[in-house]
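Single-structure report; data block below.
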Amino acid sequence: MATYQYRCPAGTHFEESHPIGRAPEAPPCPACGEPSRRVITAPHLSRTGSPAFRLIDSTNRSAAEPEIVISRIPGSPRRVQPYSSNPSHRKLPRP
Ligand SMILES: [Zn+2]
């Protein structure tokens, strides 16, 4: 799908999505119903690799579900994992 821009004789701009190559020549304007002319615009292909586009893309992806999951509340003490479950090992000297 591609987004096509149109402008009606009254000057209203609107966009419609259609499969590439199948855009209608004169769709009716949503405001007044008059047949509208297509506005030729530059394709947005050059933006796909830019850092700005990647930021927008990742923002949209993480809108419903965050990418970063914090397992510990900042400022709370870290839980120390014991190296051994044997109680006698706790008596050994620590570094
Ligand atoms: Zn119109």
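Start at 1 and go down the list; that is how both ligands and their atoms are numbered. Predicted model only: the values in this text are computed from it and were never measured. FYI, the numbering just counts along the sequence from 1.
Checked against side-chain hydrogen bond (donor to acceptor under 3.5 Å, both in side chains), T59 has no partners two or more places apart in sequence or in another chain. With sequence neighbours excluded, the residues satisfying side-chain hydrogen bond (donor to acceptor under 3.5 Å, both in side chains) with N86 are S88.
The number of protein N/O/S atoms found under 2.8 Å from the Zn ion (ligand 1) is 3.
Although no hydrogens or angles enter the test, the distance criterion places a donor-acceptor pair under 3.5 Å between the side chain of S62 and the main chain of S58.
Residue pairs that meet the side-chain hydrogen bond (donor to acceptor under 3.5 Å, both in side chains) test with at least one member in residues 18-39, sequence neighbours left out, are E16-H18.
To the nearest 0.5 Å, atom CZ of residue R7 and atom CD of residue Q5 are 11.0 Å apart.
In this structure the side chain of P35 never reaches within 4.5 angstrom of the side chain of P27, judged on heavy atoms.
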